[in-house]
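Input: a single structure, listed below in structure tokens.
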Amino acid sequence: MASGLVTTSSNRIDERFTTLRATGRKALVCYVTAGHPDLSRSRELLQGLEDAGADVLEIGVPFSDPMADGPVIQASSQTALDAGMTFDGVLDLVEQARLKIPVVLFGYLNPFLAAGPSALGRMQAAGCDGLLITDLPVGADPALESSIGASDIAFIRLVAPTTPTERMQLIASHGSGFVYLISRLGVTGMQSAVAPELGATVARLRSVTTLPVCVGFGVTNAAQAAAITSIADGVVVGSAIVKAAGESVDSAVSLAKSLRSGIDQAT
Amino acid sequence: MLPKATDRFGEFGGRYVPETLIPALDELEFAFDAAMSDPDFVRTYADLLRDYVGRPSPLSDAPRLSERVGAKVYLKREDLNHTGAHKINNALGQALLAMRMGKRRIIAETGAGQHGVAAATACARFGLECVVYMGETDMERQELNVFRMRLMGATVVPVSSGTRTLKDATTEAIRDWVTNVETTHYIIGSVVGPAPYPRMVRDLQSVIGREAREQMLARTGGLPTAVVACVGGGSNAMGIFHAFVDDAAVRLVGVEAAGEGLNTEHHSASLSRGRPGVLHGALSYLLQDKNGQVHPAHSISAGLDYPGVGPEHSFLHDSKRAEYAAVTDSAALEAFGVLSRLEGVIPALETSHAVAWLLDSVGTWSPSDKVLLCVSGRGDKDVAQVRAMQGNAR
Ligand SMILES: Cc1ncc(COP(=O)(O)O)c(C=O)c1O
């Protein structure tokens, strides 16, 4: 299960971070909710974000009770569910999008469990590269975690500001692809400033892992993204992209472009 | 750091939560176990239960109900507790624990408002800040309890997402906790949620069964034939079952809400009609669709209107140690009136489900059988709702 120790060089997430590191660049990870604002615009959005220079796309599998999400992602999930989005619907979306950048499915455990034991295989067949399950912390379900760890899908794990260093090590050793560091306490949502203790948390995390560290939760604009990528390997932007996508695909894409240039100028 | 045996009941339970909460759950588990083996804590808690809650709660004979049912029925009177339900047993224990952990901000979710009232009461008693999340639908049907909470200084936050009931109030309370975890203790109101909550709430409620067992032995010279309780999340049921689980001859019966009927879409019978799934931090029976989306629950009683159930009940269900039945809104409403008329005890609508099961069991008992019924709460909070419904029916 210690898949972090195994270099799955075939994984596109690892390849992407290797390339970024070699060229001294930082990753822009964009989150979207599958099926939001609707199916056809969801497809356009994925393509648009890739073209805007995103390095990784996190595609949210909507859930009825997203306990770690703030109002923007909650509403987008409900919109997607109301329009009939399902786990297999997300896979179809990924398959049809044929993205050149790696794709991480992001969601809650119950829809994944309901998708059945073949879910991992179907994910891979559809072209997914990673999986992040918000309510599956390390040690919560060892059998399930080792089946994910043993697959070719990268298992992205979360680290929180409350996580003790010892546990950071445990988490990193049970994950692969990158580590997703939550920048602050709370649910997803937009925040005006970067938490002051972030630098120290990143340093603690780096002391126990060589996996790339991406920081998310609350990132709204290019300046924040630049500040974060000055200390981390990448930045994850969720609610701000989803909110913009609710207005138009174009505004989400132009936000991604400005994030991209903010990050690139800083590095 | 890896899961302990105490995290699960068979396969059920666990800690399916965002990473942010893991240290707080570790801290809570450690603090609870330390508190329960600290004689000072145990004494303080026992004194409060006696002098503030009014424990032990009486065991009442129910002669006219017994005649109707055809077995000797005994009522465990949690309705006579301070604040009118069993919920106070848990809220006081957890508030004491919060103070022991140095946390002076309390959050709670509530459906019927009884747990919210219990949390507000404990916070008033100890001078703690109290924020209660409550679905807007429930705020309407349990208006009186909203007023009581506010009267005692609690902030009641309306929840307008999803079904605007207990499920969404719980989700919103978890969101608050993820945000304020360093200063805040979350008092969950039932035997649900991530470990250690199901075990902790059960242990804090187990006073119900310990007292009832002694009272039955003293009064009747033996154990009951059956113990009956309503099941929402399942805390009054676990509280009264726990002392009898090892008495293999004692039937344990949990009664869920069948709402408009088990064959409709509108019920809360997680054990009868759900399948295992993960919601609010635990693996347990859950009402859900084939895609793993949580199916909205329905019950006439706000306290049972929840799509999940405590993981220990899932275990008792699968291991067949307990049996679970379900009772419709209309049968519960009928039972509400029957217990009022036959015994002068107006039960909560939640409790009325257990009463309804008993009324339906006529003909299955022999006259020497003894049935222990948990009267989890009093019906004062429900009379306005019932009166309005009867007015509409006329
Ligand atoms: C009087 C009463 N009984 C029962 C319940 C259901 O909860 P539980 O199943 O946890 O006992 C409630 C919940 O609000 C209640 O107020």
Side-chain angles (χ1 to χ4, degrees), chain A residues 61-71 74-75 77-78 81 84-89 107-116 119 133-144 157-164 166-171 174 180-182 184-189 217, chain B residues 1-4 7-8 11 13-27 160-163 167-184 193-195 275-284 286-296 307-308:
Chain A
V61 180
F63 181 48
S64 52
D65 296 82
M67 65 178 164
D69 284 299
Q74 282 174 46
S77 303
Q78 198 53 52
L81 288 175
M85 186 48 74
T86 61
F87 187 82
D88 285 305
Y108 292 83
L109 183 54
N110 206 51
F112 180 79
L113 290 178
I133 301 177
T134 306
D135 51 352
L136 187 64
V138 169
D141 198 329
L144 176 62
R157 310 312 287 263
L158 292 163
V159 164
T162 51
T163 308
E166 208 186 316
R167 185 168 164 85
M168 284 181 173
Q169 181 161 25
L170 185 75
I171 293 170
H174 288 77
Y180 185 142
L181 173 64
I182 298 171
R184 58 173 168 77
L185 298 179
V187 294
T188 56
F217 272 45
Chain B
M1 268 196 189
L2 289 171
K4 295 181 234 152
D7 280 357
R8 300 226 176 217
E11 68 176 296
R15 263 190 195 176
Y16 298 93
V17 294
E19 181 62 37
T20 306
L21 295 180
I22 294 290
L25 293 170
D26 281 341
E27 179 195 10
S160 59
S161 55
T163 49
K167 166 180 85 92
D168 308 285
T170 306
T171 303
E172 210 51 47
I174 294 173
R175 291 185 182 124
D176 180 314
W177 204 32
V178 172
T179 311
N180 301 299
V181 62
E182 288 170 326
T183 58
T184 299
R275 63 171 208 279
V278 171
L279 178 68
H280 297 148
L283 176 69
S284 195
L286 177 65
L287 298 178
Q288 55 181 317
D289 68 15
K290 67 178 193 311
N291 297 312
Q293 306 298 339
V294 179
H295 196 285

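Computed from a prediction, not measured in an experiment: that's the story for all the values here. Each chain gets a letter, A, B and so on, in the order the sequences are listed, and its residues count up from 1.
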Heavy-atom donor-acceptor pair, [X] side chain to [Y] backbone, under 3.5 Å:
| X | Y | value |
| --- | --- | --- |
| Arg175(B) | Pro66(A) | yes |
| Gln288(B) | Pro276(B) | yes |
| Arg157(A) | Leu136(A) | yes |
| Asp135(A) | Leu109(A) | yes |

- Are any of the side-chain nitrogens in Arg167(A) or Glu19(B) under 4.0 Å away from the carboxylate oxygens of its partner?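 Salt bridge: yes.
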Proximal component of [X], with respect to chain B [non-hydrogen, under 4.5 Å]:
| X | value |
| --- | --- |
| Phe87(A) | neither |
| Leu158(A) | both |
| Ile133(A) | neither |
| Asp88(A) | neither |

- Quick one: of Thr134(A), Leu185(A), Asn110(A), who has the most non-hydrogen atom pairs under 4.5 Å with chain B? Asn110(A)
- Of the listed residues (Gly186(A), Ala114(A), Ala160(A)), which shares the most heavy-atom pairs with chain B below a 4.5 Å separation?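 Greatest number of close heavy-atom pairs with chain B: Gly186(A).
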Checking [X] against chain A: side chain, backbone, both or neither under 4.5 Å from a heavy atom?
| X | answer |
| --- | --- |
| Pro23(B) | side chain |
| Ser161(B) | side chain |
| Asp289(B) | neither |

- Item | Thr184(B) OG1 to Asp176(B) CG distance, which is reported to the nearest 0.5 Å | 6.0 Å
- Item | Arg15(B) CZ to Arg8(B) CZ distance, which is reported to the nearest 0.5 Å |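 Going from CZ on Arg15(B) over to CZ on Arg8(B), the span is 11.0 Å.
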